[in-house]
Amino acid sequence: NAGVTQTPKFRILKIGQSMTLQCAQDMNHNYMYWYRQDPGMGLKLIYYSVGAGITDKGEVPNGYNVSRSTTEDFPLRLELAAPSQTSVYFCASSFLAGDTDTQYFGPGTRLTVL
Amino acid sequence: AQSVAQPEDQVNVAEGNPLTVKCTYSVSGNPYLFWYVQYPNRGLQFLLKYITGDNLVKGSYGFEAEFNKSQTSFHLKKPSALVSDSALYFCAVRPRTNAGGTSYGKLTFGQGTILTVHP
């Protein structure tokens, strides 16, 4: 299994541009998550999904959108990039078998907005 | 609201010495507690978790953590540190699901502790 994969690894955007961060998992996990990691701040949950067709907001959803058309894929969309969105973005997935699930993380996408 | 605190931004230890990375939490009821490690330019890797039962949890790479309910702590420990243990460590908490409800696996992370093990 490849686990959780993310593309691209790095990206530089200009203010106002749009882009989609791709995330895929091949573990047949029901739950998928998007986090952003800012220096010294830990990880903040942006959006999550409990299955295909179902998504919900996390702690910091403003400026982002998601969709979940398949179990495997969970793309994150930035519509109008702003410097405040400069961060490292991590996708994660979990099976959520009861309450004891473990989240598995992708390698991250480092995004800079100038 | 749940929260996690890692009171030390950095921990420095000599190779071969024991190490402790501290974590305290605040959550309603009994929590699930996790430790993750992040190596440079990599995603987070799961180390261990506390679900129930024995307060001492053993995990990957020789790490263990002790759950202390009265002190609301979940400190990460290792008896003998290795240089290769140098990384960023995150503690995370997740509330237990109530009957009829669900927490959807949402984790709350601490801000992270940089562990440096010197040769």
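In what follows, chains are A, B, ... by sequence order, proteins preceding strands, each numbered from 1.
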Same cluster (ILVMFWY, side-chain, under 4.5 Å), [X] and [Y]:
{"X": "A/Tyr33", "Y": "B/Phe34", "value": "yes"}
{"X": "B/Ile51", "Y": "A/Tyr31", "value": "yes"}
{"X": "B/Phe90", "Y": "A/Tyr48", "value": "yes"}
{"X": "B/Val93", "Y": "A/Val60", "value": "no"}
{"X": "B/Leu82", "Y": "B/Phe63", "value": "no"}

Side chains of A/Tyr35 and B/Leu107 in contact at under 4.5 Å (non-hydrogen atoms): yes
Interchain contact, B/Ile114 with chain A, by part (heavy-atom threshold 4.5 Å): neither
Residues B/Tyr36, A/Leu43; criterion side-chain contact (heavy atoms from CB on, under 4.5 Å); working and verdict: CA-CA 11 Å; B/Tyr36 284 84; A/Leu43 277 74; over 6 Å; no
Nearest-0.5 Å distance, CG of residue B/Leu48 to OG1 of residue A/Thr102: 10.0 Å
CG on B/Leu44 to CD on A/Gln37, rounded to 0.5 Å: 6.5 Å
Shortest non-hydrogen contact from B/Gln38 toward A/Phe90: NE2-CZ, 3.1 Å
